Protein chains: 2
Amino acid sequence: MADDLDQVFAALADRTRRAILTMLLEDDMAVTDVAEPFEMSLAAISKHLSILTRAGLIAQEKRGRVKWCKLEPDAMRTASVWMQGFGQFEPVNLDAFERFLAVELDNDAQPDAQDL
Amino acid sequence: MADDLDQVFAALADRTRRAILTMLLEDDMAVTDVAEPFEMSLAAISKHLSILTRAGLIAQEKRGRVKWCKLEPDAMRTASVWMQGFGQFEPVNLDAFERFLAVELDNDAQPDAQDL
DNA sequence: TTCATATTCAACCAATTGGTTGATCTTTGC
DNA sequence: GCAAAGATCAACCAATTGGTTGAATATGAA
């Protein structure tokens with residue numbers, strides 16, 4: 001029922017899942033390692049990961065007993081193109097992104113610190 | 001609790017709301033006119049519009065008894081920048097966008113046709 | 001074989017979402 | 001003043017979401 005954009009935007013509309021994507025930007029990770037920084041059960045993270053997978057934002061590949069998660073950056077393109085139609089955003093401002101990313105990493109990927 | 005990105009992405013994760021934004025791309029509209037193409041109560045559209053407003057994606061201004069809705073394209077910039085960090089998207093491909101928009105207009109803004 | 005590790009499944013729960021209907025409020029036109 | 005139009009509010013409902021816990025299912029290591 002829900003189209004691709006529904007799933008991509010819905011997947012992105014959660015702080016935990018965005019933090020996961022940001023972590024995966026650095027490197028591929030196993031499910032347990034993805035879960036480590038969060039104050040939340042492994043099962044919850046597992047659910048988040050399947051939502052991200054269904055949206056096509058990540059891919060999961062099982063090797064042995066470990067399931068590796070890696071970013072699928074292509075999946076965001078359609079959504080990104082959709083959004084760009086609504087403003088004349090200057091072509092990728094990487095500086096702005098780097099600054100934003102730093103903040104996101106502080107706020108999201110270290111829930112212990114933010115929840116005080 | 002939910003930060004700005006939460007609200008923007010959550011607002012975009014709904015076909016009806018995306019259709020509304022697409023309609024507003026053409027021109028500012030009154031609430032009743034926004035509601036007209038949808039098979040849904042005015043109250044439902046009113047809720048969608050307040051979600052879009054809370055997310056900062058549109059602004060509503062009351063003139064007389066009519067409330068005008070207009071796009072606030074700036075609000076999407078932060079989200080767009082966030083997304084662009086995950087892929088090396090070629091600088092705005094307007095052709096692709098135009099094609100995509102045509103499809104969105106057919107599928108979303110004319111629910112009668114799509115629901116057959 | 002046996003034990004531990006990696007991950008998911010299943011059932012449950014509270015909160016949120018997207019919709020409805022009917023009442024309400026404000027503004028306009030006669 | 002009064003009725004109609006524009007829009008929201010309030011109460012409700014079913015479905016979904018984001019989390020929990022405990023059991024189940026691999027797989028790897030000893």
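Convention: sequence-line order gives letters A, B, ...; per-chain numbering from 1. All values reported here derive from a predicted model rather than from experimental measurement. Hydrogens, waters and symmetry mates are skipped; everything else that's a heavy atom, side chains included, is used.
- The distance from atom CG of A/L52 to atom P of D/dG18 is 10 Å, rounded to the nearest whole Å.
- Counting only heavy atoms from C-beta on, B/T32 has its side chain closest to D/dA7 among C/dT28, D/dA7, D/dG18.
- Residue B/R63 is out of contact with every strand shown, counting any heavy-atom pair closer than 4.0 Å.
- In the hydrophobic clustering of this structure, A/V66 does not group with A/M29; members are Ile, Leu, Val, Met, Phe, Trp, Tyr whose side-chain heavy atoms approach within less than 4.5 Å, directly or through other members.
- Toward the 5' end of DNA chain D, the nearer of the two residues A/G64 and A/L42, judged by each one's closest nucleotide, is A/L42.
- An OP1 or OP2 oxygen of D/dT8 is reached within less than 4.0 angstrom by a side-chain nitrogen or oxygen of B/Q60.
- Side-chain N or O atoms of A/S46 include none that pairs as donor or acceptor with a backbone N or O of A/L42 at under 3.5 Å.
- Per the geometry, CD belonging to A/E39 stands 10 Å off P belonging to D/dT20, to the nearest Å.
- When distances are taken from the side chain of B/K67 to each of D/dT8, D/dA4, C/dG19, the shortest belongs to D/dT8.
- Nearest nucleotide to the side chain of A/R17, out of C/dG18, D/dG18, D/dG19: D/dG18.
- Residue A/S41 places none of its side-chain N or O atoms closer than 4.0 Å to OP1 or OP2 of D/dG19.
- B/S80 places no side-chain N or O within 3.5 Å of a backbone atom of B/M76 that could act as its donor or acceptor partner.
- Atom CZ in B/F38 sits about 15 Å away from atom P in D/dA7, given to the nearest Å.
- Considering only the side chain of A/K62, D/dA26 comes nearest among D/dA26, C/dG18, D/dG18.
- Comparing A/S46 and A/R65 by the nucleotide of DNA chain C whose heavy atom lies nearest to each, the residue mapping closer to the 5' end is A/R65.
- With salt bridges taken as basic N to acidic carboxylate O contacts below 4.0 Å, one links A/D6 and B/R18.
- No donor-acceptor pair closer than 3.5 Å links the side chain of A/R17 to the backbone N or O of A/L12.
- Separating the CZ atom of A/F9 from the P atom of D/dT16 is a distance of 21 Å, rounded to the nearest angstrom.
- Across the interface with DNA chain D, nearest-nucleotide mapping of A/A10 and B/D33 shows B/D33 to be the residue nearer the 5′ end.
- The separation between A/M29 atom CE and C/dA6 atom C1' is 14 Å, rounded to whole Å.
- With distances taken from any side-chain atom of A/A43 to the nucleotides C/dC9, D/dG19, C/dT7, the minimum falls on C/dC9.
- The interatomic distance linking A/M40 (CE) with C/dT8 (P) rounds to 15 Å, in whole Å.
- Atom-to-atom, CD1 of B/I51 to C1' of D/dT8 comes out at 14 Å; the value is rounded to the nearest Å.
- Across the protein-nucleic acid pair, B/E36 atom CD and D/dA7 atom C1' stand 17 Å apart, rounded to whole Å.
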